[in-house]
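Inspection log for the structure reproduced underneath, given as structure tokens.
For clarity, every value in this text was computed on a predicted model and none was experimentally measured. As a basis for the values below, the full set of heavy atoms in this structure was taken, side chains included, without hydrogen atoms, waters or symmetry mates.
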Amino acid sequence: MSRFQILVCDGPSCGITHESDRLVTLLKAGIAADPGLKTRCYVAAYNCFGRCSEGPNMFVRPLAPDEKGEVEPREVSGLGFYPGVTEEMAATILERHAGEGTPVAEWVEEY
């Protein structure tokens, strides 16, 4: 099964205005409660996706075999960007994208 990194924007807009820390807390609790996710899913802060008005934003990306999930990557691209994430959306994204490996088609965008 693939390993995933969930990047949650921690920039001034998402971090303060959109309270992205709530998503981090929810995601970490969900991962801790699921033995299948504990060993292959990581949450990390990301400086800014540049889409501040749409926050809070997050990105789910597969990790390379030797890549550390706790380390913020230099850049991200591809299908995995989720703008305007609510707590309910975050739980679904964790279950479907990170858990099953299937992006949530109705919310995910190319970045």
Side-chain angles (χ1 to χ4, degrees):
M1 197 71 165
S2 297
R3 295 182 324 128
F4 289 95
Q5 180 183 56
I6 302 173
L7 299 168
V8 180
C9 185
D10 191 33
S13 184
C14 286
I16 296 169
T17 306
H18 298 298
E19 300 177 338
S20 63
D21 57 326
R22 291 178 303 115
L23 298 180
V24 171
T25 300
L26 175 79
L27 292 165
K28 287 184 175 182
I31 291 167
D34 185 326
L37 292 177
K38 255 188 208 182
T39 59
R40 58 183 195 78
C41 196
Y42 305 87
V43 178
Y46 194 73
N47 185 42
C48 185
F49 289 106
R51 295 188 42 191
C52 306
S53 65
E54 299 173 73
N57 300 310
M58 59 187 244
F59 193 98
V60 180
R61 61 187 283 275
L63 289 168
D66 60 342
E67 194 174 5
K68 294 185 178 179
E70 304 86 357
V71 178
E72 178 181 351
R74 289 187 200 153
E75 61 182 61
V76 295
S77 64
L79 186 67
F81 181 72
Y82 293 92
V85 179
T86 64
E87 290 181 25
E88 293 79 19
M89 288 172 69
T92 300
I93 294 165
L94 180 62
E95 177 186 328
R96 290 176 43 195
H97 196 148
E100 301 168 6
T102 306
V104 184
E106 59 268 30
W107 301 328
V108 73
E109 296 181 12
E110 191 81 27
Y111 183 79

Shared ILVMFWY cluster between F59 and V24, side chains joined below 4.5 angstrom? no
Smallest heavy-atom separation, M58 atom then L27 atom, equals SD-CD1, 4.1 Å
Aromatic ring centroids of F81 and F49 under 6.0 Å? yes
For the atom pair CD1 (I31) and OG1 (T39), what is the distance rounded to the nearest 0.5 Å? 10.5 Å
Group every Ile, Leu, Val, Met, Phe, Trp and Tyr by side-chain heavy-atom contacts under 4.5 Å, then state whether L79 and Y82 land in the same group. yes
Taking the side chain as everything from C-beta on, heavy atoms only, tell me whether R3 gets closer than 4.5 Å to Y42. yes
Can you list the residues that meet the side chain to side chain donor-acceptor pair (under 3.5 Å) rule with R40, with sequence neighbours excluded? none
What distance separates D21 CG from D10 CG, expressed to the nearest 0.5 Å? 8.0 Å
To the closest 0.5 Å, what do you measure between CZ (R96) and OG1 (T92)? 7.0 Å
Closest approach of K68 to Q5 (non-hydrogen atoms, all atoms of both residues): O-NE2, 4.1 Å
In one Ile/Leu/Val/Met/Phe/Trp/Tyr side-chain cluster, 4.5 Å: V8, L26: no
Which residues share a salt bridge (charged side-chain N to carboxylate O under 4.0 Å, His left out) with E110, sequence neighbours left out: none
Check G30 against L37 and note the closest heavy-atom contact, atom names and distance. O-CD1, 4.4 Å
Checking E109 now: which residues fulfil side chain to side chain donor-acceptor pair (under 3.5 Å) with it, not counting sequence neighbours? R51
Given side chains that start at C-beta, do those of L94 and C41 come closer than 4.5 Å, heavy atoms only? yes
Validation row: H18, S13 side chains within 4.5 angstrom (heavy atoms): yes
I need the minimum non-hydrogen distance between Y111 and V76, along with the two atoms involved. CD2-O, 3.5 Å
Starting at OG of S2, measure out to CZ of R61 and round the result to the nearest 0.5 Å. 12.5 Å
So which heavy atom on C9 is nearest to which on C48, and how close? SG-CA, 3.8 Å
Could you report the tightest heavy-atom contact between L63 and G69, atom names first, then the distance? CD1-CA, 3.7 Å
With the 4.5 Å side-chain cut-off for hydrophobic clustering, are V60 and V43 part of the same group? yes
